[in-house]
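Below is one structure; the comments refer to it alone.
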Amino acid sequence: MARILVVGGSLGGLMAGNLLLRAGHDVTVLERSPRSLEGRGAGIVTHDTLRAALRGCGLAADGTLGVAVASRVLLAADGSTQATWAHPQILTSWGRLYALLRAALPPEHHRLGAQVQSVAQHAHGASVQLAGGETLHADLVVAADGIRSGLRAQLAPAVQPQYAGYVAWRGVCDEAALSRHTRQTLFEHFGFGLPDGEQMIGYPVAGSGDSTAPGARRWNFVWYRPAAAGAELQALLTDADGVHHPDGIAPQQVAWRCIADVRQAARAKLAPQFAEVLEKTAVPFLQPIYDLESPQLAFGRVALLGDAAFVARPHVGMGVSKAGDDAVALVAAIAAHGATPAALQAYAAERLPPGRAVVARARRLGRYIAAQQPGRTRPRSAAEQLQVVHETAIEASGVDLALEAEAVVPSGNS
Ligand SMILES: Cc1cc2nc3c(=O)[nH]c(=O)nc-3n(C[C@H](O)[C@H](O)[C@H](O)COP(=O)(O)OP(=O)(O)OC[C@H]3O[C@@H](n4cnc5c(N)ncnc54)[C@H](O)[C@@H]3O)c2cc1C
């Protein structure tokens, strides 16, 4: 049994913590937030590998995980159905996965309000320094502290997120608030709207109390819109009191004028069903889209996992699945090599190629939006529109990741 510290208690850290505990290790997940993260987040597409990782965490990971959809629908700007595609999937929510993974990890293995400031290593172990002065010792440290990982900043400061040139407006809308027409033509599907230069997607997720009963669900949307780096992005990340949040703006802080603008744009550009969803979503929020690739995942006794290691644009719907794959690979490497730097090297060798491939694939799927110039929007062809419907957030097993990796486009050339 090894002593292992996991820094970050979001979905990646909780999956790693649960899997390591079930593999017999003495693990503690350290989360800087003093409060549970419950009630945050929006929709998550599930994949086979995510369900396998969740089963490894002791969860049922069956149909009860979320809402099943049978097909995809592309709506034209006038609200008519332009295309459909039979493609069954289970859609869940960040909050549901968080609650399940928290419940599976005994409280003595999870600390809230534990902000890690730095990591140190010596011949036979590693230690982390918490804000407040406490030092914790371990055989291994797992950095699951997200896209702006402080441990990665310490170990590989040159690795930085690259802004992709567009943002995602997101939100969830109560099913009960929607008109019958929108419920009948959109709600039950994985839906797409493809105005020139932009991309709207969405799907049903569980509602309050994780209810998946018809009438009690919600519709989760993600609307990708170009926003040039500089003044345009800064305006979106500035709250109504004039405070700029360059590293991301919290949902409640998004300026009401920006929300009014995006609702107006929805009425002008999207099918009426999507405009209704925007209108009836209480708190639309936004996140800038980034690519992140760390060329190194193992640093002696410290390993990067999840978004600390790679962030792929959400078009692939792989953020949580990839973190689960990382956690599964890490546990297997420790089983094979012990809690040693060699285990982390083996983990890195296994996870670097798929990490690079999924970032490349996501970059390719987002390239059209990233390439838009103000006032010079290039329309998509009908074939390109169908490609979006067929390639967004599908099973990674249906994709030749090796080919994606070969086609890697350097950052910034999206
Ligand atoms: C609140 C929240 C909501 C999200 N909602 C969605 C969603 O709706 N849809 C989606 O696709 N993805 C969502 N994500 C992203 C998704 O969780 C990740 O893509 C996936 O889980 C893999 O990321 P991660 O767990 O490695 O990192 P993250 O999810 O980014 O989590 C990193 C965690 O580390 C903690 N942390 C950071 N620094 C420190 C430190 N120094 N000490 C201790 N703890 C630290 C953070 O507080 C955070 O909880 C959300 C993430 C968060 C944090």
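Note that ligands are numbered from 1 as they come in the structure, with each ligand's atoms numbered from 1 the same way.
Remark: ligand 1 and Gly306 share no N or O pair separated by less than 3.5 Å (distance only, no angle test). Looking at Ala308 next to ligand 1, no N or O pair under 3.5 Å apart turns up. The N/O atoms of Gln115, backbone and side chain alike, include none that comes under 3.5 Å of an N/O atom in ligand 1. Checking only distances, Ser33 never comes within under 3.5 Å of ligand 1, N or O to N or O.
Cation-pi check for Arg72 over Phe190 is met; the charged atom lies under 6.0 angstrom from the ring centroid and within 45 degrees of its normal. Under the 6.0 Å distance and 45° angle rule, Arg225 counts as a cation-pi partner of Trp223.
A side-chain N or O of Arg51 and one of Thr46 form a donor-acceptor pair less than 3.5 Å apart.
Using a non-hydrogen distance threshold of 4.0 Å, Ser149 does not register as a contact of ligand 1. Residue contact annotation: Arg170 has a non-hydrogen atom under 4.0 Å from ligand 1. Residue-ligand proximity: Pro314 is placed with every non-hydrogen atom at 4.0 Å or more from ligand 1. Taking a 4.0 Å cut-off on heavy atoms, Gly43 registers as neighbouring ligand 1.
For Arg364 and Glu391, the salt-bridge test passes: some basic side-chain N is under 4.0 Å from an acidic carboxylate O.
Heavy atoms of Val7 found under 4.0 angstrom from ligand 1 belong exclusively to the side chain. At a heavy-atom cutoff of 4.0 Å, ligand 1 is contacted by both the backbone and the side chain of Asp145.
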Open item on the list: Determine whether Gln129 and Thr135 satisfy the following criterion, side-chain hydrogen bond (donor to acceptor under 3.5 Å, both in side chains), listing intermediate values before the conclusion.
Closed with: CA-CA 5 Å; Gln129 182 82 37; Thr135 302; 3.3 Å; yes

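Trp85 and His390 have tilted rings, their planes meeting at an angle from 30° to 60° on a 0 to 90° scale.
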